[in-house]
Structure formats: C-alpha cells, structure tokens
Amino acid sequence: MRLREDYEANYQSLIDLMEKQNAGYDAALIRRAYEWCVTAHKGQRRSSHEEFYLHPYSVAKIIVQLGLDSEAVAAALLHDVVEDTAVTIEQVEKDFGPGVALLVDGVTKMGRISFSTKEQQQSENLRKMLIAMAQDIRVMIIKLADRLHNMRTIDAMSAQKQRDKSLETLEIYAPIAHRLGIRAMKEELEDLAIAHLDPIAYHDIEQSLRLRKPYREEILHDISGRIEERLRRDLPGIDFHLEGRVKSIYGIYRKMYVQGKDFDEIYDIYAIRVIVDSVTDCYNVLGIMHDMFRPIPGRFKDYISTPKPNLYQSLHTTVIGRDGIPFEIQIRTWEMHHTAEYGVAAHWKYKEGIHRSDQKMEERLAWIRQILETSQNESENGPSLVQAIKTDLSQDDIFAVTPKGDVINLPVGATVIDFAFAIHSEVGIRMVGAKADGRIVPLNHEIHTGEIIEILTTNQPGHGPSRDWMNIAATNQAKTKIRSWFKRERRDENIEAGKRELERECKRNGIALPENEMLEFLQGVAHRQRFATLDDFYAAIGYGGILLFRIMPRMKEDYNKIVRTSRPPEPEILPESAHRHASDGVIIDGIDDCLIKFSKCCAPLPGDEIIGFITRGHGVSIHKRDCNNVPKNILESEEPERWVQAHWSGNYQENFTSTLQITGIDRDGFLFDITSTLYNLHVALQGINSRQIKSGNCVALVTVRTESLEHLNSIITRLSKLHGVFSVERTNQ
Ligand code: MN
C-alpha cells in the first residue's frame, strides 16, 4: 500500500533509524504495523492539534533508539489502537501474532492504571504494573517511552494536568527507569518533570550551567589532553576512550535543594569519563589518575566491586585539578558503559556476550519479584507498595562496611538496625547495640558511606527486637523482618500490646461503650478486617500488621452509628490542660527550690544544653545555651553573676510544645502525610498550618507536644523521610 507523501517520509525516517542500529529487523512487520497505525488513528488529533499517529510513531522511534527488537517497535506503533480506536486485541493477534499482541495488551492495560489516586489504590495499581513488567519487561519499556513522549509534548496540556503528570513521572516512572538502568530516559523524564514542577529553580540551574560552560569546557579540554598524553605514555598497549559529561539538571536540583549545596560546591557537575576494554585496565587507569591529580579523601567509590542495585558499575573518584577546581573522573569498561546507558535495554542492543546479559536480566527481574513478594506478605492495612517502591527505588545509596570488609548497600537514611537485618535476620534479632568506626552509637544512628559498622549481639535466650525499632528502621526489608519476628515469637505480648494500643486509640477518639457492648463492637470491627477472633485482631495490631490510623476513621463512623441510634451522646472528653508547668524537671546548681520559667525565645527541650538566668522577681528563666539571648561569652557579658548552670533532671516525663517548620514540594496529600505520620507516632498535634511559597513549594508549621528531645528528633527524622520534603527544622516560637 502506498501512503500519503508525508506518511511515507516519516516511515522512511523510522526505517533509516532502524538501519543505523546495525541489528537485523523485520521490515515487513514494521511496515504493516505502521500502515495500521496511520489508518486506525486517521482523523484523531492530540491536544496539541497535531495528527494523533505522530504519537505512537514517536514512541516507536524512542524504542528503536533503545535498540529493542521488531516486535517491540511494532507494538509501540500499535500501543494506542486498542484503547483509542475500534481495533480489538484479537485483530492485532490475528495480523501480528501473539508476541506483538501480548505487548500491546500489556501496554493498554498499564495505560488504564492511574497513580493520581489514593495511596491504597496506587499500591494496587503499581502491583499490576510490576506484574506486567515481570512477565515481559518490554511492556514497561514501551510504557516508559510512551510517558517520555507525552512529557516531551506536555505543554499542550492544562496547568493542573502538567503538574499531576510531572509528579507521577517523578514518583513512579523515573524511578522505574532508574531501576531498569536506562539512564538517558530516567534523566530526561526527571528534567522534564522538574521543569514543570519547579520552573524557577530549573531555569536558575540552566542559566548557571550556561554561564560557566565556556570556562569549564576549556578546563575539561585541557585536562583531557593531559590525561590522554599520560595514558599513551604509561599504558601504551591499551585502547581507551575519553569523554566529558554534564550532570542532569534534576541531579543538580537534588543536590542544591535537597542537600542544600551551593551550585559551585557540587563537584560532579562536570566529569571526565574514561572507557577501556577490561576491568584490569580500569584499576590501572585509576592508579595513574591518582598519581596525576590529588584525590579528595572519601570521594572514591568502587561500584565495580559493589555494583549499584540497578547493576551500574564504574569507578568514581573526585580529584583536584590544576587550578584547585575539583572534578570527577569515572572509569569503566565498554560493557559497563552500555549497561549504564541502556540498562535492561542493552539486552537487545548488545547481543554479544549474551550469557552475561541474560544473567543481568534475571537479576533485574528478581528485584521485581522480590518487591512483589515483600508487599504480598503484608496485610491489606500494612505499609503500602507505593511506600515500598519509593524507599526501595531511592536513588541514593550508601555503602557501609562490616568489620570483615564486606560491603553492605543501603538506601540513604538507613540506620544500624537496617544494617543488622541486611546482614542476616538472626543478626538483627540478636542485636543489642552497634559501633560505627569503633564508637558505640545509638540504634537510630544514620549510616554514612564508608563507615565500618559492627553489630553487637547477644546469645541470651528470649532476646529480640523492640517494638520501636519498626519506627527507626528505614528499609522495608528490616521492617518486614521485625514484624514477622513479632508475629511469630510474641503472640501473647502482641495481643497485650495490641489491646493496649487499641484501648488508647479508642479513648483518644472518644469511642467509649460499656464493657460488653464495647467487646461486641470490637468483634464486629475484627470480623470486618477478616480476623477470626478478637485476639488475632489484637495480635495483628501488636506486631504492626494493622495500622490503627488507617482503620480508625471507619471505626469512628461505625461507632457514631451505634451511638446515634441507641444512646444519648457521651459527654465530651476534655482535652488535657495545655498549661501544665514543668518546674521540677530542671536542676539549678547551687539553688534549691526556685521558681523556674522556660523562656519563650528558644523553648528548650529536655536534652538541650541549657543555662539559667536569674531574673528580678520571676525566678530563673531557662534558655538553650545557643539561644540568641544568651551571651556567647558569659564572663565578658554585662552581668555574668546572673547566669547559672542548669541541667535536666534524669527522670523527666513532662510534655513539651515545639513547632516544626517543614518545607517541601506542594503536592496533593502533603499535609495528610504529615498528619498521618504524627498520628502514627502518637504525637499530640496542637496546630498545623501551611502556605505556598515560591516555585511550587510550600511550608507547613506544625506544633506538637513531645516527651523529650529524643522523641522530637525521631519525629523530625520520620518527617524528613516523607516524599517531597526538603527540610524539617525546629523553630523558636
Ligand atoms: Mn500513548
């Protein structure tokens, strides 16, 4: 069939692209799919008003560039026909065979999955997506290409849709592209998303890059020249390839706005990449680089011996160049390079060395299966799959070392508890403490790359994890293991703990009934949650399989129904007085029994370093040592004799009010996530309000009552881990 002239021209450009990929392809199949695509979408237009067929056509081009096979290219051309035209999947199967039909069907089904819904639903949808992915990874790659083209043409959509799609891209699609190791795709998705979520910051970074470009290029050119000369001289036998690399805008964005670095403090914006033939060559080149330039300590990473979870391999080192400007050098083999650029797609693109690729493919699929299994074991009220994906796909990894020198790879924010469980469940369960670089550290110690972590264990029978470890652990793996330990080992304790927790929550929510009615009510709730007995229900609460904050709203509703129909309203439960004072929590050196006031300017908390000031007639006011109203040097201050030493008495139990300032991306559910986290941690919330600040971000001020500084810090740690949160700070008000 001969098509309209412009259709033929576009077809030719697709074929040219395929020919450049020096792999064989099925020309007849592609031609047929192209004709179908053009015919089936005839008359349809996109919101940009261009002809619809240009979309599947562009997706197919992306698939060709990734080097996928003819079936995948055909499926890309046909990916929207079942959804958007009269064509059925049976017709596709008849004309193109079961291979193409399965792919089209998979992409069509995935297209119906929406992520801008409630988290519970999101999890379910994500699960469907991962299952489709585990069956044939090409489905996911086509879906990613589809999303990429939609993001490239997103300007035609409404502002609201742009934000929704961008957030979804950043939260779901880019992490999956990252996990599949398709670098170019991941980076383009992220850059397009952030350009719409935070356009001001995006343009700032773009401009900074543009301004520094000529200077940096000159330096890189000079350095490359010197490296080339030196490698030719010292390693005369080896082939090498040198190239420059610029970090993606989103990569820079994260370092600036998440880690708070200045543009010029980011050392790896510009890097030099050396590509060689063998692993031995990599280390040889590294030796020469460290001889030529002074390496910055602690910046060397060996991802060859310890690949990243997405199988990325390279040596990274940051060195100081001639003008004192640090820059990064990446050293890798060609095979590592292909894996780094194309990830899972390299399987089709580089058929040579097929055995290794097959094994890598298996490892990638193993990850998907593992994440599905972990989440399968959770009860329906357990932590959601979306959370699991977000943590397990976290882009930053840290590497810690066992005393024997084994490297353990963990996500940023992981604590020594995560480390212990990553070694072995038994180690985690028998853990009593930990050392980092030889020093004893608390269990909530966040691990940094390069730290040597030693887990202290006991053989004492009956020892096990404590319940609050669940809140300290950052990885899903550790949480699941702790939970299943409790589930297995401590049924009686779980029942007790669950019962207590439920009673407390009921009281807090004003659910009160006479004893036998209460029992009946709770039995009803347990049955609805599919538990045979009330004890099973308590036990599930006890080991964390059921999160009360998720079922509480429903319980309250049910309770209100009972109360409204059968009983006069309960008297309201009065809130605790907010004005309790805590004068006995502080010891003042040399003064007994004095009146104590906590200063408003810095609102000290137990655990803070404090100091007292003897006021005229109002007792001693307590400040934080670093409060602005306390002189830096007391002895040189005006009235040094009025400042007195103060400490917290050990058994302090009072509650304190403090206000946290939380800054993050202004997204749907931001406040909900904050409040449910606090609820989950049993923190009394005394006030919350939020406002938008520039460039799509917002600030929430949250006032909470806490028991101690430690408690407050654990709250801050948890809030900082929420998606889209940049910073959590205590404010002095
Ligand atoms: Mn599409």
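For ligands, and for the atoms within them, numbers begin at 1 and follow the listed sequence.
Checked against ring pair (Phe, Tyr, Trp, His ring centres under 6.0 Å), H316 has the following partners two or more places apart in sequence or in another chain: Y303, Y312. In this structure, H196 has no ring pair (Phe, Tyr, Trp, His ring centres under 6.0 Å) partners at least two apart in sequence or on a different chain.
Residues L144 and L180 form a side-chain contact, since some pair of their non-hydrogen atoms from C-beta on lies under 4.5 Å apart. At a threshold of 4.5 Å between non-hydrogen side-chain atoms, the residues V38 and Y57 do not count as touching.
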Would you tabulate the side-chain donor-acceptor contacts of residues 27-37 under 3.5 Å, counting partners in other chains and residues two or more places apart, or write 'none'?
from, atom 1, to, atom 2, distance (Å)
R31, NE, E35, OE2, 2.7
R31, NH1, E8, OE1, 3.1
R31, NH2, M1, O, 2.7
R31, NH2, E8, OE2, 2.8
R31, NH2, E35, OE2, 3.3
R32, NH1, D95, O, 2.5
Y34, OH, Y7, O, 2.8

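Within a radius of less than 2.8 Å around the Mn ion (ligand 1), the protein N, O or S atoms are H55 NE2, H79 NE2, D80 OD2, D146 OD1.
Annotation: F52 is in aromatic contact with H41 [ring centroid separation under 6.0 Å].
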